[in-house]
Amino acid sequence: MPAAGLACAAAVLGGALACLFLPTLAWAPLRWACCLLGALAWLWPGRLRLVGALLFGFGWAGLHAGWALAAQLPQAREAREAQVSGQVVGLPDHEARRTRFQFRVDARAPPPLRGRLLQLSWYDDYDADRPGPRMALKPGAHWSFQLRLRAPRGLSNPGGGDFGRYALAQRIAAPGYVRAPQLARELVPAAGIDAWRGRAAARIEAAGPSASSRFVRALALGDTRGLDDADWNVLRAVGLTHLIAISGFHVGLVAGFAAWLAVALWWLAPALGRCWPRPQAAAVAAVLGAAGYAAVAGFALPTVRTLLMITVVAVARLARRATGLWQALALALLAVLLADPLAVLQAGFWLSFAGVAWLLWCLPEQGGAGQWLRGFLSAQGVATVGLLPLAAVLFNQASLAGPLANLLAIPWWSLVVVPLSLLGTGLEVLHAGAGGWAWRAAAACFEPSWRLFAGMAESPFALWWLPEPRSHALPLALLGAFWLLLPRGLPGRPLALLLWLPLLWPPRELPGPGGVELQVLDVGQGLAVVVRTARHALLYDAGPAVRDGYDAGERAVLPALRALGVARLDRVGVSHADQDHAGGWPAVQAVVPVALSLAPAGAPLAVDAPCLAGEGWSWDGVDFRFLHPPPHFPYLRNEASCVLRIASRHGAVLLPGDAGEVIEQRLLREARQLRADVVVVPHHGSGGSSSAGFVAATGARLALVAAGYGNRFGHPRAEVVERWRRHGAEVLETPRSGAIRVWLDEDGIAVRERRAWKARLWDPVEQEDSSL
């Protein structure tokens with residue numbers, strides 16, 4: 001068994017996965033021992049070679065994870081400001097009111113930040129009516145900033161993104177934002193490959209008036225900054241996200257063209273063959289062309305993977321050794337894992353290597369020029385079946401229109417639009433401004449196809465959102481895909497579809513009749529609660545939103561509803577109109593069908609009816625009733641909050657919104673109505689709520705606090721938390737617990753804290769003990 005064979009490459013990958021998806025990082029001496037002993041066993045011929053590769057993958061990935069975590073900003077330094085200088089990395093993303101960019105700190109910075117990569121935002125002033133000095137930020141330039149930084153930390157919700165995982169994979173030491181923009185200074189003008197990419201992107205945008213130029217930028221340079229949420233929604237709906245940015249196929253085109261140029265040069269000048277054989281020259285030219293274009297594309301993972309595969313084949317050609325496609329794939333996989341084992345945390349890694357592996361296994365080489373159509377259709381079928389399990393787990397969605405859209409897009413975009421885009425880029429390298437006509441032609445060819453796909457995306461059957469599956473669903477679905485793609489004569493192939501059921505129809509864990517489930521989402525400094533009975537769903541508040549910035553409705557609430565399998569909402573109650581509670585409501589309202597929406601009378605919100613004390617309804621043996629505000633109560637923001645009590649035969653839940661002590665005293669006039677087993681602590685645990693009488697009247701066994709990590713208000717207040725505990729309640733907080741899921745059924749109260757349930761080594765709570 002060769003040390004660089006496919007089996008050993010798979011063993012290294014398995015070891016890396018086993019390490020990186022543990023709840024905590026392995027002990028440092030154990031990581032070193034696995035790495036060193038595993039390398040010896042892997043390289044030494046014998047039966048233990050696979051075991052050695054597995055141990056090496058475990059130790060090597062663990063060492064990289066430990067170094068990356070140790071490089072992150074310590075939580076103890078989060079509240080401080082830092083004056084740093086460094087270089088803008090990549091292409092800054094200029095939005096309506098902010099610019100997002102990555103920043104590599106110079107070696108002269110303080111030790112915790114020296115040489116680190118930061119993810120920064122630069123905001124306009126609140127009263128600005130036009131973009132500020134941030135628009136002068138250019139890729140590759142050196143700047144000096146005063147920054148406010150924090151440790152990498154993401155929200156933890158069903159179906160939501162994980163910034164901690166992203167930060168670890170990208171080696172981001174800290175996110176933050178620019179303070180005192182008037183003190184920002186450009187030290188050295190833009191230079192380097194990123195500066196060239198920025199100039200080329202600007203020239204593509206200026207080359208023609210076509211709106212499709214933003215897609216040409218993505219195809220030519222890997223620059224997706226011009227694509228908005230609507231564009232990505234269309235691409236997801238028709239399953240074309242893998243084609244719109246630079247892929248390995250693009251790099252292969254450039255490498256093939258470079259090799260063809262070398263062959264043509266050797267044909268025109270036969271004397272060159274005496275110095276260097278033509279096949280070897282073509283191989284080197286292919287590598288150089290692929291490397292140059294990978295640099296232009298910002299060294300995205302698909303381009304790096306293809307570059308490595310081309311390099312492997314070229315080295316074999318230079319050494320006059322035959323290398324099969326499987327061997328090339330194995331060597332490329334090993335090269336990626338050796339250079340960056342944390343790449344396995346990125347979706348692109350899996351889609352890239354899995355896609356190539358499926359095609360190599362299912363589509364052996366066929367002779368005859370007439371086989372191209374059959375091969376193309378077979379490749380499309382293999383990609384659809386083989387990659388569907390990965391797409392479903394990585395993105396919680398499946399595109400039913402994807403096979404047809406890919407059938408049309410792959411030949412047109414890959415054989416017409418992409419070559420024109422690449423031709424423009426190549427001409428731009430030779431002379432600034434020479435590629436404009438090719439880019440305009442690419443945009444003109446792209447435009448009609450985009451109109452077609454946008455129409456397909458509007459079909460209600462285009463995109464199928466899937467509930468969050470269990471951990472065993474992916475291996476079963478992959479086994480089912482393998483079974484389906486076995487030779488046709490094999491009996492029982494239709495039975496493979498049964499293995500897909502845990503992935504496509506996972507259990508939703510709905511409460512039984514008379515039971516109720518409560519999920520307090522982790523939305524930062526705000527509140528969003530999903531309440532489900534056996535056949536109904538309620539959303540109470542929708543989280544915060546910032547104009548032209550973070551929207552919890554879009555980023556947290558909608559993914560959570562999809563992951564929970566909630567396709568429609570029977571009720572939405574917005575406690576009041578403050579942005580930390582109502583900011584995400586428009587995003588939810590625009591996407592999810594809502595039978596009835598409620599808010600306090602007089603609140604400036606688009607709802608169907610007011611919430612009024614005494615009014616209520618019953619679902620599946622569970623009673624819902626508003627306790628506040630009464631009729632004719634003026635809208636007083638927090639004090640007008642809709643206070644909702646949910647009562648079942650297994651217990652009660654109280655949702656008081658941001659009601660303060662004045663309203664609490666009013667509700668105490670009928671103290672019996674406040675009895676509840678579970679209470680969402682009012683006003684995020686502020687000092688102006690949770691009075692002693694109110695806390696005692698609830699008799700709560702569980703008090704849930706929804707607040708943002710390190711928020712500037714100091715919520716929840718220590719004295720408030722102590723007050724709830726003193727009256728017998730267990731207090732859980734979303735900053736530490738993530739989303740908190742509570743069931744009230746015949747078994748009593750059950751609680752699941754998402755950070756503990758889905759513990760990962762990059763979680764800040766775990767870092768405190770395991771980042772050595």
Side-chain angles (χ1 to χ4, degrees), residues 95-98 155 157-161 211 214 226-239 241 395-401 450-451 453-468 519 521-524 526-532 536-600 603-611 642 739:
E95 299 177 348
R97 296 188 61 83
R98 69 172 174 177
L155 304 177
N157 291 300
R214 66 190 189 277
L227 276 62
D228 57 21
D229 291 337
D231 294 329
W232 288 113
N233 289 337
V234 171
L235 291 168
R236 282 192 293 267
V238 294
T241 52
F395 309 117
N396 286 341
Q397 64 184 32
S399 175
L400 303 183
W450 182 249
R451 288 197 296 267
F453 297 136
M456 293 175 61
E458 294 178 358
S459 167
F461 305 103
L463 191 62
W464 185 12
W465 290 102
L466 301 172
E468 190 174 49
Q519 184 133 203
L521 300 181
D522 183 14
V523 295
L527 179 65
V529 183
V530 179
V531 181
R532 295 194 297 177
H536 296 83
L538 160 79
L539 176 65
Y540 182 88
D541 285 341
V546 179
R547 184 163 63 98
D548 301 318
Y550 169 71
D551 187 334
E554 180 183 358
R555 303 297 181 188
V557 178
L558 284 175
L561 292 175
R562 291 160 178 160
L564 295 172
V566 178
R568 72 184 298 272
L569 291 165
D570 300 284
R571 292 284 194 286
V572 171
V574 183
S575 64
H576 60 300
D578 283 4
Q579 281 297 299
D580 57 334
H581 293 251
W585 163 234
V588 174
Q589 188 180 28
V591 176
V592 181
V594 178
L596 180 66
S597 56
L598 306 159
L605 294 170
V607 294
D608 299 320
C611 57
C642 300

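Note that the structure is predicted; figures quoted are calculated from it, not measured.
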Item checked: Arg214/Asp231 under side-chain contact (heavy atoms from CB on, under 4.5 Å): CA gap, chis, key distance, verdict -> CA-CA 10 Å; Arg214 66 190 189 277; Asp231 294 329; 2.8 Å; yes
Checklist line | Between CG on residue Asn233 and CD on residue Glu458, distance to nearest 0.5 Å | finding: 12.0 Å
Next item on the list: Please report the closest heavy-atom contact between Leu521 and Ala556, naming both atoms and the distance.
Entry: CD1-O, 4.4 Å
Next item on the list: Using modelled atom types only, decide if a donor and an acceptor are shared between the side chain of Asp522 and the backbone of Asn157 within a distance under 3.5 Å.
Entry: no
Notebook entry, point to check: If you look only at pairs with a residue in residues 564-575, which of them pass as a side-chain hydrogen bond (donor to acceptor under 3.5 Å, both in side chains), with sequence neighbours excluded?
Noted result: Asp541-Ser575, Arg568-Asp570, Ser575-His581
Margin query: Would the distance check show the side chain of Tyr540 and the main-chain N or O of Cys642 forming a donor-acceptor pair, the cut-off being under 3.5 Å?
Written below: yes
Checklist line | Straight-line distance of Arg532 CZ to Leu564 CG, nearest 0.5 Å | finding: 5.0 Å
Notebook entry, point to check: Which atom names give the shortest non-hydrogen contact between Gly584 and Ala545, and what distance separates them?
Noted result: N-CB, 4.1 Å
Note to self: Please enumerate all residues that pass salt bridge (Lys or Arg N to Asp or Glu O under 4.0 Å) together with Arg236, with sequence neighbours excluded.
What the structure shows: none
Notebook entry, point to check: With sequence neighbours excluded, what pairs up with Ala563 under the side-chain contact (heavy atoms from CB on, under 4.5 Å) test?
Noted result: Pro158, Asn396, Glu468
Next item on the list: Grab the two heavy atoms, one from Val238 and one from Ala457, that are nearest each other, plus how far apart they are.
Entry: CG1-N, 3.9 Å
Margin query: I need the full list of salt bridge (Lys or Arg N to Asp or Glu O under 4.0 Å) pairs touching residues 577-592, with sequence neighbours left out, sorted by first then second residue.
Written below: Asp578-Arg637
Margin query: Could you check whether any side-chain heavy atom of Val546 comes within less than 4.5 Å of a side-chain heavy atom of Arg97, counting everything from C-beta outward?
Written below: no
Next item on the list: Report the C-alpha distance between Val566 and Leu539 in whole Å, list the side-chain angles of each, state the deciding distance to 0.1 Å, and finish with yes or no for side-chain contact (heavy atoms from CB on, under 4.5 Å).
Entry: CA-CA 10 Å; Val566 178; Leu539 176 65; over 6 Å; no
Next item on the list: For side-chain contact (heavy atoms from CB on, under 4.5 Å), just list the numbers for Leu561 and Val591, CA-CA rounded to whole Å, side-chain angles, deciding distance to a tenth of an Å, and then say yes or no.
Entry: CA-CA 11 Å; Leu561 292 175; Val591 176; over 6 Å; no
Check: For the residue pair Pro604 and Ala577, what are the closest heavy atoms and their distance?
Finding: CD-CB, 3.7 Å
Next item on the list: Just grab all the side-chain hydrogen bond (donor to acceptor under 3.5 Å, both in side chains) pairs involving residues 583-600, residues at least two apart or on different chains.
Entry: Ser597-Asp608
Item checked: Heavy-atom closest pair, residues Trp465 and Phe395 -> CZ3-O, 3.9 Å
Next item on the list: Would you name the heavy atoms of Ala587 and Leu558 that are closest together and state the gap between them?
Entry: O-CD1, 3.8 Å
Check: Do Val588 and Leu569 come within less than 4.5 Å of each other through their side chains, counting heavy atoms only?
Finding: yes
Notebook entry, point to check: Mind checking what makes salt bridge (Lys or Arg N to Asp or Glu O under 4.0 Å) contact with Glu554, not counting sequence neighbours?
Noted result: none
